[in-house]
**Q** 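Submitted below is the structure of interest, expressed as structure tokens.
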Amino acid sequence: MRVRAAVGVAAVATVAVAVAGCSTPAAAPRPERELTRAEQLRISDAGEVLVKRCMNRAGFSYWTGPRPSLEESRASGYVSDDVEWARKHGYGSRIAAAADRYRRTNPNGAYREGLSAERRKAYDETLDGGGRARILTAKVPGGSASVRKRLGGCSEEAERKLYGDPDTWFRAEKAVTNLQPLYVPEILRDERFTTALAGWAACMKRSGLAHPDPAAARDAAARSGDFTSETRTAVAEARCARETSLAAVARERQTHYLNALRDEYGEELDAHRRLQHRAYERAAGITGSRV
């Protein structure tokens with residue numbers, strides 16, 4: 001049972017944020033730009049505030065989660081080229097560990113367990129609909145598979161206040177965040193990308209770290225369990241990504257191949273960005289920005 005609402009903020013929205021250009025026949029105009037990471041986090045924070053207000057109105061206590069700084073909340077991509085961040089945080093293992101500790105000691109869980117059976121049922125129904133929650137369904141791009149989500153209670157109220165129609169947001173968000181299997185294979189075969197990756201691997205080898213790609217480097221750092229080793233590897237990854245332009249090439253190639261999917265998924269991509277902008281406008285009146 002969830003004890004913190006999942007408001008459906010597009011934390012994974014990096015899949016869609018790079019798409020620009022190409023006019024489409026969509027009825028509504030496409031927003032000019034993607035949201036920044038700070039703006040996306042503001043939506044997430046606002047969702048938590050809305051859930052808390054809703055729970056409090058129903059007579060329940062509710063604690064919003066901690067708000068890491070914007071620096072700590074940096075989204076990881078295919079490869080990092082931020083040398084200073086890597087020098088300070090490595091791959092972010094300590095930040096992730098702090099978040100995991102909070103999840104295990106979440107005060108909402110202890111509060112829920114302290115309620116009577118009757119009140120606990122009422123808590124669940126108020127938070128996310130409990131057994132009465134409705135089921136949303138969305139198709140996954142590139143096949144006949146679909147994903148489902150239970151939604152109700154204060155979680156649904158928060159999504160409705162931010163995005164308007166939760167059903168439309170769910171379909172757009174799941175379409176956009178599941179496009180990777182359609183374009184990643186194209187990137188991995190792309191000559192510009194493979195050339196930059198080979199250069200990156202050669203640079204890493206000169207640093208004494210023989211890893212074929214960033215994922216292998218991160219896996220090795222995680223297995224070491226040593227923050228000093230993690231930091232050394234992360235700094236080398238970022239430095240080599242700068243020297244070879246691997247990060248810039250990966251971002252540009254992602255944009256290119258995502259744009260190639262616009263004929264089929266342009267409507268979903270535009271709807272996703274439009275709804276994000278709508279949610280941010282609402283969120284800006286609910287909570288402050290990350291610093």
Side-chain angles (χ1 to χ4, degrees), residues 10-19 34 36-38 40-41 66-104 177-258 260 290-291:
V12 187
T14 52
V15 174
V17 297
V19 182
E34 69 271 12
T36 65
R37 179 64 177 163
Q40 293 173 18
L41 289 170
R67 296 179 62 189
S69 68
L70 183 58
E71 177 183 333
E72 293 172 328
S73 303
R74 187 179 73 90
S76 61
Y78 173 76
V79 63
S80 170
D81 58 359
D82 190 336
V83 176
E84 291 307 313
W85 196 94
R87 187 171 287 121
K88 185 176 181 180
H89 301 289
Y91 285 118
S93 62
R94 291 181 174 177
I95 297 172
D100 186 61
R101 283 194 298 272
Y102 177 79
R103 282 191 291 270
R104 287 185 277 107
T177 58
N178 283 282
L179 285 174
Q180 284 189 344
L182 301 186
Y183 69 79
V184 167
E186 299 293 334
I187 296 175
L188 296 179
R189 289 191 294 266
D190 186 274
E191 185 177 359
R192 288 186 58 194
F193 175 81
T194 56
T195 299
L197 180 59
W200 178 90
C203 176
M204 291 291 283
K205 190 172 183 179
R206 290 193 297 271
S207 300
L209 298 164
H211 300 299
D213 54 48
R218 297 178 189 195
D219 287 345
R223 288 194 302 271
S224 75
D226 176 64
F227 187 69
T228 300
S229 176
E230 173 189 336
T231 302
R232 174 176 175 250
T233 304
V235 168
E237 171 186 312
R239 181 177 56 78
C240 289
R242 282 191 178 183
E243 290 184 9
T244 61
S245 299
L246 177 60
V249 170
R251 287 190 294 266
E252 190 278 329
R253 292 290 82 191
Q254 174 178 288
T255 300
H256 173 79
Y257 287 110
L258 265 172
R290 297 280 181 101
V291 293

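We're numbering straight along the sequence, starting at 1.
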**Q** Minimum heavy-atom separation for S93 and E230, please, with both atom names.
**A** OG-OE1, 2.5 Å

**Q** Just checking Y257 against F193, ring centres under 6.0 Å apart?
**A**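 No: the rings miss the under 6.0 Å criterion.
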
**Q** If you measure from OG1 on T231 to CZ on R87, what distance do you get to the nearest 0.5 Å?
**A** 10.0 Å

**Q** Quick one: pull up CG in L188 and CG in D213 and give me the separation to the nearest 0.5 Å.
**A**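 Reported value, rounded in 0.5 Å steps: 9.0 Å.
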
**Q** Where the side chain of R290 meets the backbone of P68, is there a donor-acceptor pair that is under 3.5 Å apart?
**A**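 Yes: the side chain of R290 pairs with the backbone of P68.
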
**Q** Please identify each residue that fulfils salt bridge (Lys or Arg N to Asp or Glu O under 4.0 Å) with R223, with sequence neighbours left out.
**A** none

**Q** Could you give the distance from CD (Q254) to CD (Q180), rounded to the nearest 0.5 Å?
**A** 7.0 Å

**Q** Any chance you could measure R192, atom CZ, to I187, atom CD1, to the nearest 0.5 Å?
**A** 11.5 Å

**Q** So, the side chain of R242 versus the backbone of D81: is there a donor-acceptor pair under 3.5 Å, distance only?
**A**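 Yes; judged by distance alone, with no hydrogens or angles, the pair exists.
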
**Q** Quick one: ring pair (Phe, Tyr, Trp, His ring centres under 6.0 Å) partners of H211, sequence neighbours excluded?
**A**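 By the ring pair (Phe, Tyr, Trp, His ring centres under 6.0 Å) rule, H211 matches no residue at all.
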
**Q** If you define the side chain from C-beta out and look only at heavy atoms, does anything of H89 sit under 4.5 Å from R94?
**A** no

**Q** Sequence neighbours excluded and cut-off under 3.5 Å, please list the side-chain donor-acceptor pairs for residues 196-209, or say none.
**A**
from, atom 1, to, atom 2, distance (Å)
W200, NE1, E237, O, 3.2
S207, OG, C203, O, 3.3
S207, OG, R239, NH2, 2.4

**Q** Nearest 0.5 angstrom please: W85 CH2 to Y91 OH, how far?
**A**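 Reported to 0.5 Å precision, the distance equals 10.5 Å.
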
**Q** Nearest heavy-atom pair of A241 and V79: which atoms, and what distance?
**A**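 In this case the closest contact between A241 and V79 is CB-CG2, 3.8 Å.
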
**Q** Ignoring hydrogens and geometry, is there a side-chain-to-backbone donor-acceptor pair from S69 to E72 under 3.5 Å?
**A**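 Indeed, once roles are kept as given, a pair shorter than 3.5 Å links the two residues.
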
**Q** Of all heavy-atom pairs between P185 and P181, which one has the smallest distance, and what is that distance?
**A**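 So the minimum-distance heavy-atom pair works out to CD-O, 3.3 Å.
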
**Q** Starting at CD1 of I95, measure out to NZ of K88 and round the result to the nearest 0.5 Å.
**A**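 Output value for this atom pair is 8.5 Å.
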
**Q** Any side-chain heavy atom of R218 within less than 4.5 Å of one from S80?
**A**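 SC-SC contact between R218 and S80 confirmed.
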
